[in-house]
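Written out below as structure tokens is the structure these notes cover.
Each residue takes its place number in the sequence, starting with 1. Scope of the values below: all heavy atoms of this structure, side chains included, with no hydrogens, waters or symmetry mates.
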Amino acid sequence: METPVRTEAVCTESACADLAYDVFARACPSRETLEHVTGRWGTLTVTALHDGAYRFNELRRRVDGVSEKMLSQTLHALERDGIVHREAQPTNPPRVDYELTPMGRGVAERLMDLIRFLEGSTPQVLDARERYDEARGGL
């Protein structure tokens with residue numbers, strides 16, 4: 001199997017059609033998806049949906065602190081990337097459910113591993129912050 005040759009750190013959808021995507025390349029579409037998934041609300045939204053399907057307001061309550069506008073933008077971006085599936089039910093009033101796609105479940109599993117690690121490391125993080133602040137005069 002031939003290894004693709006990198007010529008520049010620019011990766012547009014058409015330019016990368018025959019090359020492996022490179023998240024470190026400024027224009028690579030994988031970078032935008034990474035930003036959608038790892039942004040503050042993206043990570044929390046994807047991992048909340050790991051528990052199962054949610055309606056919009058249920059999800060908003062689950063992701064404490066997210067505004068309606070930010071949750072809507074986040075869900076649109078994740079749906080466009082194929083990570084979230086939006087199902088509109090033909091009822092009155094309309095019912096819309098959000099759930100992870102198979103790719104979204106894979107992303108959520110990886111994020112859940114990171115979250116579990118960070119939650120388990122919280123005592124060490126808090127100790128490190130305290131030492132840091134004390135060394136710098138109680139920031």
Arg136 charged N/C atom sitting above Tyr132 aromatic ring, 6.0 Å / 45°: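 Judged by the rule (NZ or CZ under 6.0 Å from the ring centre, within 45° of its axis), Arg136 counts as positioned above Tyr132.
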
By side-chain contact (heavy atoms from CB on, under 4.5 Å) - contacts of Glu130 (at least two apart): Glu134

So, for [X] and [Y], which heavy atoms are closest and what is the spacing to 0.1 Å?
| X | Y | answer |
| --- | --- | --- |
| Ala108 | Thr47 | O-CG2, 4.4 Å |
| Val23 | Cys28 | N-SG, 4.5 Å |
| Ser30 | Tyr21 | OG-CB, 4.1 Å |

Pair Arg62 + Asp51: basic N to acidic O under 4.0 Å: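 Looking at Asp51 together with Arg62, the answer is yes, because their closest N to O distance falls below 4.0 Å.
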
[X]-[Y] co-clustered via ILVMFWY side chain contacts under 4.5 Å:
| X | Y | value |
| --- | --- | --- |
| Leu49 | Met103 | yes |
| Val96 | Val66 | yes |
| Leu78 | Phe56 | yes |

Salt bridge (charged side-chain N to carboxylate O under 4.0 Å, His left out) involving Glu119 - partner list, sequence neighbours excluded: none

Step-by-step side chain to side chain contact (heavy atoms under 4.5 Å, CB included) determination, Arg80 to Glu32: CA-CA 11 Å; Arg80 182 171 183 251; Glu32 184 177 14; 4.2 Å; yes

Check against side chain to side chain contact (heavy atoms under 4.5 Å, CB included), Trp41 and Leu71: CA-CA 7 Å; Trp41 303 120; Leu71 181 57; over 6 Å; no

Between [X] (side chain only) and [Y] (backbone N and O only), is there a donor and an acceptor less than 3.5 Å apart?
| X | Y | value |
| --- | --- | --- |
| Thr43 | Leu111 | no |
| Arg110 | Gly106 | yes |
| Thr101 | Ile83 | yes |
| Arg86 | Tyr98 | no |

Quick one: [atom1] on [X] to [atom2] on [Y], what's the gap to the nearest 0.5 Å?
| X | Y | atom1 | atom2 | result |
| --- | --- | --- | --- | --- |
| Asp97 | Arg95 | CG | CZ | 4.0 Å |
| Arg131 | Leu126 | CZ | CG | 10.5 Å |
| Arg55 | Gln89 | CZ | CD | 9.0 Å |
| Ser67 | Gln73 | OG | CD | 7.5 Å |

Chi angles and distances behind the side chain to side chain contact (heavy atoms under 4.5 Å, CB included) call for Asp127, Arg129: CA-CA 5 Å; Asp127 289 343; Arg129 287 179 183 174; over 6 Å; no

Residue of the set Met70, Glu68, His76 for which side-chain contact (heavy atoms from CB on, under 4.5 Å) holds with Ser72: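 Among Met70, Glu68, His76, the one meeting side-chain contact (heavy atoms from CB on, under 4.5 Å) with Ser72 is His76.
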
Glu109 and His50 side chains, donor-acceptor separation under 3.5 Å: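 Judged by distance alone, the side chains do pair up.
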
CA sep, side-chain torsions, deciding dist, call: Leu75, Leu59, side chain to side chain contact (heavy atoms under 4.5 Å, CB included): CA-CA 10 Å; Leu75 287 167; Leu59 190 55; 3.9 Å; yes

Beyond-backbone contact of Thr33 with Arg31, side-chain heavy atoms, under 4.5 angstrom: no

